[in-house]
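Data block below; observations after.
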Amino acid sequence: MTNSPQQVGRTRDEMAIRLAQDIPDGSYVNLGIGIPELIAKYVPEGREFIYHTENGLLGMGPSPESGLGDPELINAGKRQVTAIPGAAYFHHADSFAMIRGGHLDLCVLGALQVSSGGDLANWSTGAPDAIPAVGGAMDLVAGVKSIYVITQHCTKNGEPKLVQACTFPLTGCGIVNRIYTNLAVIEVTAEGFQLIELSPGIDFEYVAERTGAPLLPLKDNTK
Amino acid sequence: MTNSPQQVGRTRDEMAIRLAQDIPDGSYVNLGIGIPELIAKYVPEGREFIYHTENGLLGMGPSPESGLGDPELINAGKRQVTAIPGAAYFHHADSFAMIRGGHLDLCVLGALQVSSGGDLANWSTGAPDAIPAVGGAMDLVAGVKSIYVITQHCTKNGEPKLVQACTFPLTGCGIVNRIYTNLAVIEVTAEGFQLIELSPGIDFEYVAERTGAPLLPLKDNTK
Amino acid sequence: MINKQLANAEEAVADVFDGATIMISGFGEAGSPIELIHALIDHGATNLTVINNNTGSGEVGLAALIKAKRVSKMICSYPRTANSTVFPKLYRSGETELELVPQGTLAERIRAGGSGIPAFYTPTSVGTPLGEGKEHRTINGREFVLEYGLTADFSLIKGRLADTHGNVLYNKTARNFGPLMAMAGNVSVIQAEHIVTPGEIDPEVIITPGIFVNRVVEIQKPAVESELIAAGVSYP
Amino acid sequence: MINKQLANAEEAVADVFDGATIMISGFGEAGSPIELIHALIDHGATNLTVINNNTGSGEVGLAALIKAKRVSKMICSYPRTANSTVFPKLYRSGETELELVPQGTLAERIRAGGSGIPAFYTPTSVGTPLGEGKEHRTINGREFVLEYGLTADFSLIKGRLADTHGNVLYNKTARNFGPLMAMAGNVSVIQAEHIVTPGEIDPEVIITPGIFVNRVVEIQKPAVESELIAAGVSYP
């Protein structure tokens, strides 16, 4: 889409590491499927996060050692997990009471598109023959205190995922707070996409060119 | 109110015994405070009822022996009780889900007034300086499958409690199924109060005179 | 005296009628009552509306019920799963209808149905295609949609331990929709690995009190869906 | 690392502000957090709206808070109890306002408030004085009233056992409103007889998961309200 030379930015793991640094100690966190799951590997030294999985577990731990799992102890992605000391099991209505009732501090999700108004599309491409499947995404974005998106800045075809208005079916309106991509960390503000930080080796122009809506440059914090 | 000679009818315990005979085996039952509580003493041979108390216990047993109770194991009347084998504790929202969701088979309540349309008044006399207090009565009558009233036929002043229309504030509308008094067993039907059975030694006229709405005589079941 | 235990899964589903609405517990394979579902397939009832979070995997359990063309409508939040090929085919051919409900709304609708709450407001789905056509209302400055309670003629549920009064415990994240569906089923059927005498379970730890349960059957070593699929099993 | 334990009841209520809405657990004396209430009396916050099923007994706990004229409004289902003389006097003199709510509606409103459900329909109170003035709606041929969720600035709750993550177990029928109020309080405070390390409580039996709890304090031998009353105690 542009002729500027390729800039690499952060890997998926580096994106997860970067996002994890912004999660306060003691946070209750729900991690979506995909890149968000990587965050659990990169909890900063001295901090403790408690992971919620919407299928009924608070205090989710890492995957079990091979052969030691229980097919009835799984996460929302239906993969086997473990439970940490202090964990609790509960039914789906209680689980979504936690979500809808604003008890979770942070949800990190993947995205198909995010608009400059904070709308998120992440559950359907709207393709006519696709089987629509939403899961808990709409509840999470409607209820969790902060919604962070972690995603590649552009699609595999180079199209921007950060757009003026989503063309895919929405998951929720005006609910995304921050976006962590391979290229940058961006806050969704009343004025639109606000750059917070460029990934190492990335230029502002390079990011702006690949963003489908105006990108406000870094604020001068030296004033 | 009438000049006919006093007829005695059933005692409170006999009323409870009579009502208990009409409860099917295996019923889930909520007993109100007062005469209803006596029913638990008179479960017919070969039957098992499970008692629900709305403050969070299914499988309520009798009062504990003196000195063996727990002030945190009480019934809705705030008296110490016990728990039978198979009992379960739960919180108030689950308890009223049982009630409102139609999971209880029977609730037996006292009454200030019952109308021929099945309206019940049992929580307030509407006196201007009374402290209004409703508890769970309105939820019980709105949700439990069958509502039986057990009460003296008349007030201490000889006024009928079974009336054309309640003058006291209502607990619920059209929800009473049957009334067990010292004088008779009466069903609330679309046609009004239908006599089902006279207490031993009681005349139809004696009951009809003390009932504030038309009383339909016993149906001839020999046809 | 009260004894809700039946001899086997066959008896427990014997009166399921054509056209019935059936809630089936489980989130993926966790909590899926495979033996009850297979008994339902054997029983033959058809034109069913099934409420489950997913649509089954492989060709066992719920997927086998769908493959046998017994399900005319699915109400679920996530019909797309790994190894889920049966439902997509019937959905695309128009043979099975789909009502897609956000997961938390699905859970709350089932709880409401079992709790005598006919309808409630939720922020979930506002401004999305799943909120379209639903009644909206602004409360304290925020917009909500109106959702209705769900009930079922039968609920088929997998527990871990039950007693003959119908008190039930579950296993880890297999609990998921089970306690809610027990509340919302007109006839709620539990399959449990062990059925004990009332009093053997501490009343403080019971998850589903017996009042919500009509029938219990003991299935001592329930099949594991992923193992059946790995072994290439196709039911029946 | 996460540790929600505070040193004592005084610390746990130190930031309660004048005009706050406070949920207090308990049904009669069962589940009443007397030590937290007494700490609140000592603290001095006033003009409180208090949500509790009752209005306390004697002159200890909730009744003592009311007697100290810290409560401008009570939301409850049953303000008339044996040994309850404090509230009636202040109610009749107009010093304390009363919002009377049917018990099941009160419980469901608290659960709704904690669950992000702003409003729901219920059959309870239709056709009665407590349904008057409320929005009515006919659903499937039956009439219902609209009720709104309740939340609080602080919830004061008595548990039996808790851990430092805020997971809580209760004692018998003292459970009552505790788990609901823990969900609905912006700051939820638990007093428990024992506070243990995370992992000491089986995750299958936890009633209130720690996410709903902000503070826990250990009160090893909590006072028994009926014993205080029998002994003629009047707090402070």
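Labels below follow one simple rule: chain letters A, B, ... track the order of the sequence lines, proteins then strands, and each chain is numbered from 1.
With rounding to the nearest 0.5 Å, the separation of CD1 in D/I206 from CG in A/L58 is 9.0 Å. Note that CZ of A/F90 and CD1 of D/I207 are 13.0 Å apart. Values are rounded to the nearest 0.5 Å.
Using a 4.5 Å heavy-atom cut-off against chain A, the contacting residues of residues 3-31 of chain D are D/K4. Residues of residues 103-127 of chain D lying under 4.5 angstrom from chain A, judged on non-hydrogen atoms, are D/R111, D/G114, D/S115, D/G116, D/I117 in numerical order. Residues of residues 163-189 of chain D lying within less than 4.5 angstrom of chain A, judged on heavy atoms, are D/D163, D/H165, D/N167, D/M183 in numerical order. Residue-level contacts of residues 65-73 of chain A with chain D do not occur; threshold 4.5 Å between heavy atoms.
Heavy atoms of A/I99 lying under 4.5 Å from chain D are absent altogether. Neither the backbone nor the side chain of A/A142 comes within less than 4.5 Å of any heavy atom of chain D.
Highest contact tally toward chain D, considering only A/G59, A/A83, A/G101, is held by A/G101 [criterion: heavy-atom pairs under 4.5 Å]. Between chain D and the residues A/A87, A/G143, A/A93, A/G26, the most heavy-atom pairs under 4.5 angstrom are made by A/A87.
A 6.0 Å sphere centred on CG of D/N140 holds no more than 12 heavy atoms belonging to other residues, nucleotides or ligands. The neighbour count for D/R142 CZ, taken as heavy atoms of other residues, nucleotides or ligands under 6.0 Å away, is above 12.
Taking the side chain as every heavy atom from C-beta outward, D/I211 and A/I50 never approach each other to under 4.5 Å.
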